[in-house]
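Remarks on the structure that follows.
Just so you know, these numbers come straight off a predicted model, no measurement behind them.
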Number of protein chains: 2
Amino acid sequence: MQVPEQWELGILRKYNREQARDIINELLVEIFNKILAIEGQNLKDKGIKLSMNEVHVLEAISLTDERTMSNVSKRLGITIGSLTTSINTLYQKGYVSRERDLEDRRKVVVGLLPKAEAVLEEHDAFHEEMIDSIFEEMELDKDELLIESLEKLSSYFKK
Amino acid sequence: MQVPEQWELGILRKYNREQARDIINELLVEIFNKILAIEGQNLKDKGIKLSMNEVHVLEAISLTDERTMSNVSKRLGITIGSLTTSINTLYQKGYVSRERDLEDRRKVVVGLLPKAEAVLEEHDAFHEEMIDSIFEEMELDKDELLIESLEKLSSYFKK
DNA sequence: TAAAATAACTTTGAAATTCAAACTATTTGA
DNA sequence: TCAAATAGTTTGAATTTCAAAGTTATTTTA
C-alpha cells in the first residue's frame, strides 16, 4: 500500500530538508556577521586599536607553520599584494616582524611581536568565553552527535 | 587492568568540552571565509559584476520588511552613512530604486529592481546547491537532532 | 653555463568599504 | 511654536582589496 508523502514526512520526520537548509544557511551566513560585530566591539572595549581584519591577519600568522607571505595570504584567501599592505601597517604599528628568508632570499618571513601575542591572547580568551556561554545556555557538551556532525561539516569545507 | 588506548577511543571516546569548543570555533570563523570566497568566485563565473558585499546589501534589502535606510543598515550591522555610499553605487548601476517615504519625508525607502532580483535568484540557487551537496555528503537530512541543535545555536546568536 | 622561465614579493593605481562627525530636512513633543 | 529628536547625506580619512607591472632571486632548460 502506498502511503501519502505528507504522512511519511509528518510522522517520521519533523524537519524537512528545506527547513534544515534554511537553518544551516542562516547559521553559516547571517550569524557570522554578528560574531564579527561582537568581536569588534570587544576589541574597542579593551582599548585595542586594531580592526578585526588586522586581528585576523595576526591570527592567520599564528596558525601558519612556515610564515611566508604566500602561505599566510593563502590561509587568509587574499592576494599577496593585499597582505603586503596589511603587513606594512602592522609592521609600522609594531605588531609584526618581517625579514628575508636566508635560505631562499625571495621569501619574506613574518613573525608576531609581543604586542601581537597579547592581542591574540585577548582574542582567544574572548572566543572561549563566547563559546562556553553557548554551551551553558544549550547544554551542548552533552550533545555528542552535534559535535560529531559539526566536525563533519567543518571537514567538508576544508576540502 | 589497563585497556589499550585504541579501545578506549573506539568504544568510550567522548568529545570533551575543549574539543567541542575548537570545532565550533573553527566552524564559525574559519569556514565562513571559505564560503565567502566560493560565493565570490561563483559570481565571477556567472559574469556578475558585483562584490559579495554588494550582494549582501541586496540580500538585506530583500529580507527587510520596511525597507528604510535605517532598517537595512541595522540588519547589515553597518552605519547608515556606510549604507548610503553602497546604495549610491547600486543605484548608479541600476540595481536598486530609492525614494522618499511620502508619509514621513525624512525616510528613504529602497527597493530591488529586476536586475537585483535576478542576482538574488542566482545567489539563492547557489546557496541551496551548496548546502544540498553538504547534505548529500553527510546524510544530514536524516539527522534530526543536529538540525534541532543548529536551530538552538542559531537562535542563541539572534538574541 | 647562459638564457629563459618561474617564483616570491612589492609597488602602483584605482575602486570599495568603513566610520565619525558635521550638516540638512522633517517630525514630534512640551 | 520652537527645541529636541529622528532620518539621511556629505565629508574627510583610513582600510581593504585587486590586477597589473616591476624587482629580485632561484630554478629549469637548451
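- Under the side chain to side chain donor-acceptor pair (under 3.5 Å) rule, A:T64 has a single partner from A:E59, A:K74, A:R75, which is A:R75.
- The two atoms that bring B:V57 and B:S86 nearest to each other are CG2-OG, 3.6 Å, heavy atoms only.
- A donor-acceptor contact shorter than 3.5 Å links the side chain of B:R100 to the backbone of B:R105.
- Heavy-atom distances to DNA chain D give each of A:E103 and A:S86 a nearest nucleotide, and the one nearer the 5′ end belongs to A:S86.
- A 4.5 Å side-chain heavy-atom check between B:N42 and B:H123 finds every atom pair outside the cut-off.
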Distances under 3.5 Å between nitrogen or oxygen atoms of protein and nucleotides 1-6 of chain D:
unit_1: D:dT6; atom_1: O4'; unit_2: B:R106; atom_2: NH1; d: 3.4
unit_1: D:dT6; atom_1: O2; unit_2: B:R106; atom_2: NH1; d: 3.1

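- Using a distance-only test at 3.5 Å, with no hydrogens or angles considered, no donor-acceptor pair links the side chain of B:R98 to the main chain of B:V110.
- If you take CG of A:L102 and P of D:dT26, they are 11 Å apart, rounded to a whole angstrom.
- The two atoms that bring A:A116 and A:Y95 nearest to each other are CB-O, 3.3 Å, heavy atoms only.
- Using a 4.5 Å heavy-atom cutoff, the side chains of B:T68 and B:V108 are not in contact.
- For the residue pair A:Q92 and A:N88, no side-chain donor N or O sits within less than 3.5 Å of a side-chain acceptor on the partner.
- Nucleotide D:dA25 holds its C1' atom 7 Å from the CG atom of A:D104, rounded to whole Å.
- Here A:I80 lies in heavy-atom contact (under 4.0 Å) with a base.
- Looking at B:K44, its side chain never comes within 3.5 Å of a backbone N or O of B:K49 through a donor-acceptor pair.
- Close to D:dA14, at under 4.0 Å from its OP1 or OP2, lies no side-chain N or O of A:K49.
- Between B:R100 and A:G81, the residue anchored closer to the 5' end of DNA chain D is B:R100, taking for each the nucleotide with the nearest heavy atom.
- Between B:R67 atom CZ and D:dA7 atom P the separation is 19 Å, expressed in whole Å.
- Here the P atom of nucleotide D:dT23 and the CZ atom of A:R105 are 18 Å apart, to the nearest Å.
- The side chain to side chain contact (heavy atoms under 4.5 Å, CB included) test with B:L90 is passed by exactly one of B:V96, B:L83, B:I61: B:V96.
- Considering only side-chain N and O atoms, A:N53 lies under 4.0 angstrom from the phosphate OP1 or OP2 of D:dT17.
- For A:T79, a side-chain nitrogen or oxygen approaches OP1 or OP2 of D:dC18 to under 4.0 Å.
- For DNA chain C, the span of nucleotides reached by chain A at under 4.0 Å from its heavy atoms goes, 5' to 3', from C:dA7 to C:dA20.
- With rounding to whole Å, B:L50 atom CG is found 16 Å from D:dT17 atom C1'.
- The separation between B:I87 atom CD1 and D:dG8 atom C1' is 12 Å, rounded to whole Å.
- As rounded to whole Å, 16 Å separates atom C1' of D:dG8 from atom CG of B:L76.
- Listed for the B:E54 side chain is a donor-acceptor partner under 3.5 Å among the backbone atoms of B:S51.
- Under 4.0 angstrom from either OP1 or OP2 of D:dT17 there lies no side-chain N or O belonging to A:S82.
- The side chain of B:N88 lies closest to D:dT10 when the candidates are D:dT16, D:dC18, D:dT10.
- Contacts with DNA chain C (heavy atom under 4.0 Å) in residues 107-114 of chain A: A:K107, A:V108, listed by number.
- The closest side-chain heavy-atom distance from B:K107 to B:D104 is below 4.5 Å.
- Closest of all the heavy-atom pairs between B:S73 and B:I80 is OG-CG1, 3.7 Å.
- When heavy atoms are screened at a 4.0 angstrom cut-off, B:S51 is found touching the sugar-phosphate backbone but no base atom.
- Contact between the side-chain N/O atoms of B:S70 and the OP1/OP2 oxygens of D:dG8 is found at a separation under 4.0 Å.
- In this entry the distance linking CE of B:M69 with P of D:dT10 reads 10 Å, nearest Å.
- Using a 4.0 Å heavy-atom criterion, one finds that A:K44 contacts the sugar-phosphate atoms exclusively.
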